[in-house]
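Down below is the structure, laid out as structure tokens.
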Amino acid sequence: MSMRETPQTIAQRRMVTAEAVLTGTADLRGYPYRYLAILSHRGVGPERVTQALMAADALAQFGWELLNVAEFGNSKLVHAFLRRR
């Protein structure tokens, strides 16, 4: 996603892309909710899982805790679900 993910757009979707987290373009400072999903859609199979986990690790230093990672059906999207501590 090339568009900057602002707190407003992230809060509306309650979702941020792993790419935005890993490139430092996501701004979560104003995110008002306790739960957040990371969407990983780049790469193939295990690469998407790795990307989601890398983004979750990056957010761990800011008080986010990984709850679960899932791939739904044939969507080829991986979601990591986090909770703010």
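Being a predicted model, the structure only gives us computed values, none of them experimental.
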Thinking salt bridges, do Glu19 and Arg42 make one under a 4.0 Å N-O criterion?
-> yes
Would you mind reporting whether [Y] and [X] have side-chain heavy atoms less than 4.5 Å apart?
| X | Y | answer |
| --- | --- | --- |
| Asp27 | Thr6 | no |
| Ile38 | Val69 | no |
| Val49 | Glu47 | no |
| Leu36 | Tyr31 | yes |

Does any donor atom in the side chain of Glu5 or Thr17 lie under 3.5 Å from an acceptor atom in the other side chain?
->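 Per modelled atom types, Glu5 and Thr17 side chains form a pair under 3.5 Å.
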Taking all non-hydrogen atoms of both residues into account, name the closest pair between [X] and [Y] and its distance.
| X | Y | result |
| --- | --- | --- |
| Ala52 | Ala80 | CB-CB, 4.1 Å |
| Val16 | Ala20 | CG2-CB, 4.3 Å |
| Ile10 | Ala26 | CD1-CB, 4.2 Å |
| Arg48 | Val78 | CB-CG2, 3.6 Å |

Could you state the interatomic distance from [atom1] ([X]) to [atom2] ([Y]), rounded to the nearest 0.5 Å?
| X | Y | atom1 | atom2 | value |
| --- | --- | --- | --- | --- |
| Glu65 | Arg34 | CD | CZ | 8.5 Å |
| Thr9 | Met15 | OG1 | CE | 12.0 Å |
| Leu28 | Leu59 | CG | CG | 6.0 Å |
| Lys76 | His41 | NZ | NE2 | 14.0 Å |
| Ser40 | Gln51 | OG | CD | 3.5 Å |

In terms of hydrophobic clusters joined by side-chain contacts under 4.5 Å, are Phe62 and Tyr35 together?
-> no
Verify same cluster id: Leu39, Phe81 (apolar side-chain graph, 4.5 Å) =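 No; Phe81 is not reachable from Leu39 via cluster members.
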Donor-acceptor pair, Arg84 side chain versus Tyr33 backbone, under 3.5 Å?
-> yes
